[in-house]
Amino acid sequence: MKENMISRRYFNRTLSASLGAVTFIPELAMNPSVWKEQQKKKLGIALVGLGSYSSGQLAPALQETGHCYLSGIVTGTPAKEKEWADKYNIPEKNIYNYENFDSIVDNPDIDIIYVVLPNSMHAEYTVRSAQAGKHVICEKPMAISSEECQEMINACNQANVKLSIGYRLHFEPHNQEIMRLGQEKVMGDITFIQCGAGYLMGDNWDQWRLKKELAGTGALGNMGVYAIQGALYTVGENPLYVYAQEFKTKPDKFKEVDETVTFQFEFPGGVVANLQTSHNARTNRLYAACEDGWFELEPFSPYGGISGNSSKGLITYPQVNQQALQMDDFALCILNNQKTRVPGEMGMRDVQIIEAILESIETGKKVMLNNLAF
Ligand code: NAD
């Protein structure tokens, strides 16, 4: 059974990965002239915020994409302008700062703006990007409140541009296989899920992730999003209730934001999930117990080295460039006018769940999850 399960998926993934995108579009594979036409239409992406994720992951990934390329940057640090221009061959006319950002509206080289700023700045730059007529990818967590998320969605709808969230694991083959195993009940009904995502934060007490004004939440919005996502895409349902607890072992350091949070979901189909996130503990595992077996990924959410096992055997796929696949998929969604699988509504749903977790911590009560956006 495992052999069939793994090999069929392997074939599909390998084929689509070799095309430079997860979405498999038969007419592109079969008709070289259609394919060539698509390649001519590579969309330009401008990264806003050239911090560690942009410089370490997104810019290198944009050297591997087939449907989009790094055409511009927005930075508040003049020294980075020349460094990035030289390294990635970016013309001066495509380099912006936070003051002249809105003039990007006149630049046809930039089709997509990728917001990679501290969390509290996501809403403003997504709205301004939409108002400049650009499609938007916004990093997770989508924003620091569900009201902000709604404003971002409205702005993109009004401007008739697409909005997606940087949920790269939806393009990662091990996680895609977990979605299939869980959602198609390949090992029977899931009974219980455990998922944890956290890391040991360094000793820089000045970092924005410790400041409520910039981060909104601590571990919850940063790594907790992965635990929420992991549980939801394994079950394929939204939870009905959440119950949460917070633990602070270093109250001085984590004065403004959460350090370690455990939370439990009850799903409508009866699945129970026990989840945790932390900025003070290393944890990275997604596990599902089913009627007829179990499956797990450990680790499940890093950029590489994802590894899987199950009661039927190992879950093994090639390691891929998740960010390249994610950005290529969004570019194809724009070129083919299709819906992204990771839309703003999904980002808003997760922020709504974070708000319910915070409410449960504050009240000590189980909170019902109503009117989720996705
Ligand atoms: P970072 O601190 O390395 O970079 C942040 C950038 O924002 C820097 O270039 C900084 O100069 C700029 N900035 C502008 N205004 C600022 C201000 N007022 N305070 C601080 N910085 C300011 O952060 P990062 O790790 O690159 O994270 C950026 C975003 O990307 C966050 O929302 C984070 O959650 C997200 N992220 C996502 C992933 C992923 O795997 N999807 C990974 C890392 C980060």
Side-chain angles (χ1 to χ4, degrees), residues 45-62 72-81 83-84 95-99 101 113-126 128-129 136-145 148-149 152 164-172 175 197-199 201-202 204-230 256-258 277 279 284 299-306 319-327 329-330 340 342 344 346-347 350-351 354:
I45 294 194
L47 297 174
V48 188
L50 308 180
S52 64
Y53 194 51
S54 283
S55 55
Q57 273 69 47
L58 298 176
L62 282 163
I73 49 173
V74 182
T75 176
T77 314
K80 289 186 187 166
E81 293 183 8
E83 183 196 323
W84 278 66
I95 300 177
Y96 294 84
N97 55 45
Y98 298 111
E99 282 70 50
F101 175 81
I113 295 180
Y114 198 147
V115 180
V116 204
L117 291 163
N119 308 338
S120 68
M121 301 171 77
H122 290 183
E124 177 187 342
Y125 281 88
T126 296
R128 284 169 71 179
S129 302
V136 189
I137 310 175
C138 176
E139 259 315 318
K140 43 61 53 179
M142 180 171 170
I144 59 170
S145 74
E148 281 189 350
C149 295
M152 295 156 81
S164 79
I165 307 301
Y167 285 146
R168 57 187 165 76
L169 292 177
H170 286 256
F171 306 88
E172 196 288 317
N175 280 272
Y199 64 84
M201 191 176 250
N204 173 9
W205 287 36
D206 265 346
Q207 60 184 297
W208 64 262
R209 285 190 170 88
L210 288 170
K211 296 180 179 138
K212 190 175 167 65
E213 199 190 340
L214 285 166
T217 57
L220 259 182
N222 188 20
M223 298 305 287
V225 168
Y226 291 103
I228 293 169
Q229 280 263 317
E256 298 184 26
V257 289
D258 51 279
T277 187
H279 270 164
N284 204 295
F300 79 102
S301 75
Y303 308 138
I306 294 175
Q319 302 295 327
V320 296
N321 188 321
Q322 301 164 24
Q323 291 84 0
L325 291 172
Q326 171 211 323
M327 290 187 278
D329 185 78
F330 189 55
T340 165
V342 287
M346 181 186 271
D350 297 346
V351 171
I354 288 173

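By convention here, the first residue in the shown sequence is residue 1. Numbering of ligands and ligand atoms starts at 1, following listing order.
- Annotation: side chain to side chain contact (heavy atoms under 4.5 Å, CB included) contacts of Glu139 (sequence neighbours excluded): Tyr53, Tyr114, Val116, His122.
- Heavy-atom minimum distance, Phe330 versus Val136: CZ-O, 3.5 Å.
- Residues Tyr226 and Phe300 keep their aromatic ring centres 6.0 Å or farther apart.
- Within the 3.5 Å criterion, the main-chain N or O of Thr217 finds no donor-acceptor partner in the side chain of Asp258.
- Protein heavy atom closest to atom 12 (C) of ligand 1, with residue, atom name and distance, is Leu117 CD2, 4.1 Å.
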Take Asn222 and Lys140, measure what side-chain hydrogen bond (donor to acceptor under 3.5 Å, both in side chains) needs, and give me the verdict at the end.
CA-CA 7 Å; Asn222 188 20; Lys140 43 61 53 179; 3.0 Å; yes
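- Numbered from 1 in the order shown, with element, the atoms of ligand 1 that lie under 4.0 Å from a heavy atom of Tyr226 read 39 (C), 40 (O), 41 (N).
- With a 4.5 Å cut-off on side-chain heavy atoms, Met346 and Gln229 count as touching.
- Heavy-atom proximity to atom 44 (C) of ligand 1, evaluated over Lys80, Arg209, Lys140, is greatest for Arg209.
- Of the protein's non-hydrogen atoms, the one nearest atom 1 (P) of ligand 1 is Trp208 NE1, 3.7 Å.
- The shortest contact between atom 4 (O) of ligand 1 and any protein heavy atom is with Gly51 CA, 3.2 Å.
- Between Gly221 and Pro141, the shortest heavy-atom contact is O-CD, 3.2 Å.
- There is a protein heavy atom closer than 4.0 angstrom to atom 42 (C) of ligand 1.
- Here the side chain of Gln322 pairs a donor or acceptor atom with the backbone of Pro302 at under 3.5 angstrom.
- Proximity of Tyr53 to ligand 1, defined as any heavy-atom pair under 4.0 Å, is shared by backbone and side chain alike.
- With hydrogens left out, the protein atom closest to atom 37 (C) of ligand 1 is Glu139 OE1, 3.0 Å, a heavy atom.
- Contacts with ligand 1 closer than 4.0 Å are made by no heavy atom of Gln326, backbone or side chain.
- Distance from atom 18 (N) of ligand 1 to its nearest protein heavy atom, with residue and atom name: Leu214 CD2, 3.9 Å.
- Ligand 1 places these atoms under 4.0 Å from at least one heavy atom of Tyr98: 14 (C).
- Residues Ile95 and Ile73 meet the side-chain proximity criterion, which asks for heavy atoms closer than 4.5 Å.
- Counting heavy atoms closer than 4.0 Å to ligand 1, residue Gln57 contributes nothing at all.
- Within the 4.0 Å heavy-atom criterion, the part of Leu50 lying near ligand 1 is the backbone and not the side chain.
- Near Gly166, with a cut-off below 4.0 Å to any heavy atom, the atoms of ligand 1 are 41 (N).
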Please assess Asn175 against Ile306 for the test side-chain contact (heavy atoms from CB on, under 4.5 Å), listing each intermediate value before the final yes or no.
CA-CA 9 Å; Asn175 280 272; Ile306 294 175; 4.0 Å; yes
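- Nearest residue to atom 13 (N) of ligand 1 from Gly49, Gly56, Cys138, Pro118 is Pro118 (criterion: closest heavy atom).
- Closest to atom 32 (O) of ligand 1, if we only count protein heavy atoms, is Asn119 OD1, 2.8 Å.
- Neither the backbone nor the side chain of Met142 has any atom closer than 4.0 Å to an atom of ligand 1 (non-hydrogen atoms only).
- Proximity of a side-chain donor or acceptor of Thr277 to a complementary backbone N or O of Gly198 within less than 3.5 Å is not detected.
- Taking a 4.0 Å cut-off on heavy atoms, His122 registers as neighbouring ligand 1.
- With a 4.0 Å cut-off on non-hydrogen atoms, Tyr167 does not touch ligand 1 at all.
- Under a 4.0 Å criterion applied to the non-hydrogen atoms of Arg168, ligand 1 contributes the atoms 39 (C), 40 (O), 41 (N).
- At least one heavy atom of Val116 lies less than 4.0 angstrom from ligand 1.
- Given atom 16 (C) of ligand 1, the protein heavy atom at minimum distance is Met121 SD, 3.8 Å.
- No side-chain N or O of Gln207 forms a donor-acceptor pair with one of Asn204 less than 3.5 Å apart.
- For Glu256 (side chain) and Lys212 (main-chain N/O), a donor-acceptor pair under 3.5 Å exists by modelled atom type.
- Atom 3 (O) of ligand 1 has as its closest protein heavy atom Ser52 N, 2.8 Å.
- For the atom pair Arg168 CZ and Tyr303 OH, the distance stands at 5.5 Å (nearest 0.5 Å).
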